[in-house]
Protein chains: 2
Amino acid sequence: MAQYLGAKGFAVELRPDGKQGWDTYLKGGFDLLILDVMMPMKDGFTLAREIRQRDERTPIIFLTAKSMKQDTIQGFQSGADDYLTKPFSMEELLLRVSAVLRRAKGVTATKEEAREHLLGRFRFDVRKQVLIIDEQERKLTTKESDLLRLLCEHRNGLLTRNEALQQVWGDDNYFNGRSMDVYIAKLRKYLKDDPAVEVLNVHGKGFRLVARSEDE
Amino acid sequence: MAQYLGAKGFAVELRPDGKQGWDTYLKGGFDLLILDVMMPMKDGFTLAREIRQRDERTPIIFLTAKSMKQDTIQGFQSGADDYLTKPFSMEELLLRVSAVLRRAKGVTATKEEAREHLLGRFRFDVRKQVLIIDEQERKLTTKESDLLRLLCEHRNGLLTRNEALQQVWGDDNYFNGRSMDVYIAKLRKYLKDDPAVEVLNVHGKGFRLVARSEDE
DNA sequence: AACAAGCGTTAAAGAACGTTAAGTCACTAG
DNA sequence: CTAGTGACTTAACGTTCTTTAACGCTTGTT
């Protein structure tokens, strides 16, 4: 499945059990989750319920061998968006994945402008300018929030010093550059509650926000 | 076997026992390992386990005369990707080799850009910019890492002075050239923990990264 | 052999970044 | 009207990364 979806142009991460799946989910940045119901360490339903506690949006598709109605209902109650009963064809998989993604995209685009970023154990609400971890909310200032948003939008990639200064400060002179460094330090202080999330510097270029899964 | 695979276009290195196999493996740069289970000095299972301790990726195929289930299981537990029971035809060998390589390539290509180079006793993680030897991690700067990556990509071949300067510095003027020489010196200092790994100069042309096995 | 160019290496200088603290400004409560 | 508060900037100092300088050695050429 991973290979097939990869060949179809999706960026896929495959994990062998529910526990590792959760760890990898925590690093954030996923558009869709496909969970097997029968998994070692932690079953798919339990995992889905845990995910839905901190994240209502990311779509989930279940893979299930049991075709019994009871289980299906239980699955959708834990917040699934679709499910596939084994055995299924790759074409069917692709169809459902595409459908769910199309639906999800539509929802986030129209429902509200409410962009929200999942970053390790953090949840960053762009509109409300708050950073949440473990039920604990931290209000961000406008500049803190704008800078963090830009970092999130360039997650794993490079946020150019110049781009950040233009977007947030409107001018990239020396002093604004130093000011930004101060804000980077602030964000690092906030984000250090989850060691898996880091803001890295690329000397002479800019900054990189990365979130690695726990086991890396 | 070595001759056959060589004729089929593979670059093969053949070693007479497990100990020499390990030494040669250490010089790095292999896409696939084929291990005989019954070998003098060090058997295939033991060797595979030692290899898997420092390298999860490189595929391993076992050759075994014993067709007993017990041994097969033990083999896969030490991290084998496939196995061949003697006697077997050359066609069958080629089939399995091709299959394993295709699979491995797929994984490394889709999983993430996470390139990693094995260099003698070193492990060089390109994405994380770290050079690891004996559980000891050394963080590299961007320039150090970029230069070492280029050297790895031209392993045993020639990395042109000009290409390196264009790729890492973006301009090949005199001073950048001198700067690169300083970085070559730094890399040599880091790499001297394993005398089998060397950065050689080709006068007037560029540099060559080589890793020879211990006994060469 | 003599010379120039290329390279090896170390040290110093310079630029970029990390962090803390003090300073400025606007806004608000009393 | 003034003291206080919060957001942002500037200053200051330390650290890290990169470049430049300097000097000696090696290689290739005449």
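Every chain is numbered from 1 and lettered A, B, ... according to where its sequence line falls, protein lines coming before strand lines.
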Could you check which residues of residues 141-152 of chain B get a heavy atom under 4.0 Å from DNA chain C? Sort them by number, please. none

Is the backbone N or O of A:L26 less than 3.5 Å from a side-chain atom of A:R121, with the two atoms forming a donor-acceptor pair by type? no

Table of protein N/O atoms under 3.5 Å from nucleotides 2-5 of chain C N/O atoms:
none

ring-ring contact (aromatic ring centres under 6.0 Å, His included) with B:F124: which residues, sequence neighbours excluded? none

Ignoring backbone atoms, establish whether B:K205 has a side-chain N or O less than 4.0 Å from OP1 or OP2 of C:dG6. no

Is the side chain of B:R161 donor-acceptor paired with the backbone N or O of B:G204 at a distance under 3.5 Å, no angle test? no

Starting at atom CD of B:E198, determine the distance to atom C1' of C:dC7, rounded to an integer number of angstrom. 16 Å

Could you give the angle between the helix axes at the two ends of the helix from C:dA1-D:dT30 to C:dG30-D:dC1, with five pairs per end, rounded to 10 degrees? 20°

Using a strict 4.0 Å threshold on nitrogen-to-oxygen distance, state whether A:D181 and A:R178 make a salt bridge. yes

A:L200 CG to D:dC17 C1', in whole Å, measures 15 Å

What's the CG-C1' distance between B:L187 and C:dC7, to the nearest Å? 15 Å

Rounding to an integer number of Å, can you tell me how far B:K186 NZ sits from C:dT10 P? 12 Å

Output yes when B:K128 and B:E116 qualify as a salt bridge under the 4.0 Å nitrogen-oxygen rule, no when they do not. no

Judged by atom type as modelled, is there a donor-acceptor pair below 3.5 Å linking the side chain of B:S145 to the main-chain atoms of B:T141? no

Got more than 12 heavy atoms from elsewhere within 6.0 Å of NZ, A:K42? yes

Any chance you could lay out the side-chain contact (heavy atoms from CB on, under 4.5 Å) test for B:K205 and B:T160, step after step, and finish with the verdict? CA-CA 6 Å; B:K205 299 286 190 303; B:T160 306; over 6 Å; no

Just call it for A:K139: base, sugar-phosphate, or nothing, with non-hydrogen atoms closer than 4.0 Å on any strand. nothing

Looking at A:R123 and A:E135, is any side-chain nitrogen of the basic one under 4.0 Å from a carboxylate oxygen of the acidic one? no

Does NZ or CZ of B:K186 lie under 6.0 Å from the centre of the six-membered ring of B:Y183, at an angle within 45° of the ring axis? yes

Nearest-angstrom distance from the residue atom CZ of B:F207 to P of D:dT26: 16 Å

What residues from residues 158-184 of chain A pass a heavy-atom cutoff of under 4.0 Å to DNA chain D? A:W169, A:F175, A:R178, A:S179, A:V182, A:Y183

Looking at A:Y190 versus A:F122, is the centre-to-centre ring distance below 6.0 Å? no

Side-chain donor-acceptor pairs of residues 31-39 of chain B under 3.5 Å, sequence neighbours excluded:
unit_1, atom_1, unit_2, atom_2, d
B:D36, OD1, B:K86, NZ, 3.3
B:D36, OD2, B:K86, NZ, 3.1

Flag the pair A:R15 and A:E13 as a salt bridge only when some basic side-chain nitrogen lies within less than 4.0 angstrom of an acidic carboxylate oxygen. yes

